[in-house]
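First the structure, in the form of structure tokens, and then the observations on it.
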Amino acid sequence: MSAAAPPGLPAKMHALVRAFLAEPGAVHAAVAQFGAPAHLVFPQVFAENLERLRVELAARVAGFRICYAHKVNQSRAFVEVAQAAGVGIDVASAAELDSALGSGFAPGRIEVTGPKGEGLLARLVGSGVTINVDNVWELERIAALAGPGVRVPVLVRVSGFAGTPVSRFGVPVARLEAVVKVLVAERERIEFRGFAFHLDSGEPAERVRAVESCLMLTEQAYAAGLTPSVLDIGGGFRQVFTADAAAFDAYVHALRESLLGRGEPMTWGGNTFGFHLEDGAVHGTPVFHKYANIVDARTMLADLLDTGLEAHGGRTIARIAAENLLDIWLEPGKALVDHAGITVARVEFVKETADGSTLVNLDLSRDTVTPADQEVMVDPILVPAGMNPGADDGAVGVFLAGRLCLERDLITNHKVWLPRCPAPGDLIVFPNTGAYHMDLSAARASMHSVPPKLAVVQRSGTFTVCRDVDYRHEGA
Ligand SMILES: *Cc1c(COP(=O)(O)O)cnc(C)c1O
């Protein structure tokens with residue numbers, strides 16, 4: 001990179017995805033056949049991510065279960081791969097349950113998390129799935145709904161750990177006594193498997209404290225005559241978006257400078273991304289901080305299992321679990337789909353605005369590629385139309401604009417440098433959109449239809465693309 005190189009946010013990408021994008025005409029052919037914009041998923045990358053976590057677990061604990069958190073992506077291909085790999089699945093709605101059953105998951109390998117109403121509970125009781133209970137009401141309803149001879153396997157989700165932000169989910173640690181009472185009273189109808197937690201936080205210390213609390217609760221449950229055999233540590237294992245941490249830091253530095261009026265403007269419409277300006281300085285943590293992460297999920301998981309706990313004579317979490325015959329369950333979502341999805345959009349036109357900014361207008365909207373409207377801090381990739389990319393007339397800083405007739409439909413509120421100014425018909429690829437980005441809020445505004453989802457597979461060096469709903473896993 002020369003000193004004059006523009007600020008950039010290079011994306012970490014899987015070699016398979018890179019090869020697909022580099023294959024002449026491949027991306028253009030896929031959207032010509034199935035339509036643009038489109039979401040593409042790469043089941044082989046998912047399978048690799050799964051295997052990585054499995055290896056870390058197998059090296060440390062005898063009993064474990066990975067439950068793929070389906071809500072991260074609606075893809076059929078990912079569910080098929082998880083099923084074929086023999087792992088579990090974590091579903092959070094009736095439709096996700098149907099999806100898991102449809103791909104061949106036996107009820108014994110299905111866990112249901114999230115908020116559940118009466119209708120879903122009635123369906124779950126007696127079905128053989130494990131219910132990850134959110135609150136005392138659920139527990140009491142399960143006991144009431146269980147007919148004679150039915151014993152419902154449950155985990156109890158706990159929250160409200162010391163030093164952890166309040167969560168809307170789970171039973172507060174301080175209220176566990178009431179739960180244990182119900183579990184003991186209803187043991188004929190409820191098979192208590194153990195305690196569970198799930199933290200959004202990437203902060204290792206928070207997860208360690210949650211494990212400590214759950215181990216303490218497990219002891220109390222034993223003392224009350226229950227026989228828990230599972231410790232469910234949830235998901236939240238992080239993704240790595242950036243290929244270059246130093247470049248990321250340099251970009252954010254330039255962005256902060258621009259907020260102070262130094263250098264080239266880098267934000268659209270006065271956006272400050274959660275920074276605030278005071279006394280001529282920029283303060284605060286940006287809303288996009290997760291894109292700076294460089295610790296991958298397998299490392300995060302290994303570090304957690306290798307953490308020694310003082311209250312247990314310094315023994316590691318893995319060892320404590322083994323000695324107490326506790327199986328470790330986890331529910332990774334984003335970690336399994338990391339680098340296993342991209343989103344492709346078409347350039348419609350390019351224009352200049354009154355402030356001199358260049359807007360590249362695409363055929364998708366902001367919420368088709370952003371998770372919960374967060375700014376995505378990863379550079380998109382320009383795939384020019386035709387074989388001849390034309391002359392590179394030098395990098396150009398642009399904002400990407402969406403197709404909705406709304407002022408706020410800017411796909412990037414931060415300036416993005418592309419190798420040259422795009423032309424109508426060029427494609428823009430958003431890397432690593434598999435986790436929440438592509439499915440959490442798929443836009444139907446202005447009566448646009450939801451983009452098709454396609455599965456890309458490489459066999460003997462050849463790529464094939466099919467509709468995701470048509471994907472069926474073939475033996476490796
Ligand atoms: C969403 C969710 C997960 C998956 O979270 P990731 O951060 O994607 O790993 C796991 N468990 C529960 C209960 C969830 O709600």
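Order of listing sets the numbers, starting from 1, for every ligand and every atom in it. Just so you know, these numbers use all the heavy atoms, side chains as well, and skip hydrogens, waters and symmetry mates.
Residues with a heavy atom under 4.0 Å from ligand 1: Ala69, Lys71, Asp90, Thr113, Arg157, His198, Gly235, Gly236, Glu331, Pro332, Gly333, Lys334, Tyr436.
The structure places CZ of Phe430 at 12.0 Å from CE of Met438, a figure rounded to the nearest 0.5 Å. Rounding to the nearest 0.5 Å gives a distance of 4.0 Å between CG of Asn293 and CZ of Arg238. Atom CG of Asn271 and atom CD of Glu375 lie 6.5 Å apart (nearest 0.5 Å).
For Glu188, the CD atom counts as loosely surrounded, since its 6.0 Å shell holds 12 or fewer non-hydrogen atoms of other residues, nucleotides or ligands.
Applying the side-chain hydrogen bond (donor to acceptor under 3.5 Å, both in side chains) criterion to Glu140, with sequence neighbours excluded, gives no partner residue.
A side chain to side chain donor-acceptor pair (under 3.5 Å) with Thr343 is found for one member of His437, Lys453, His39 and no other, namely His39.
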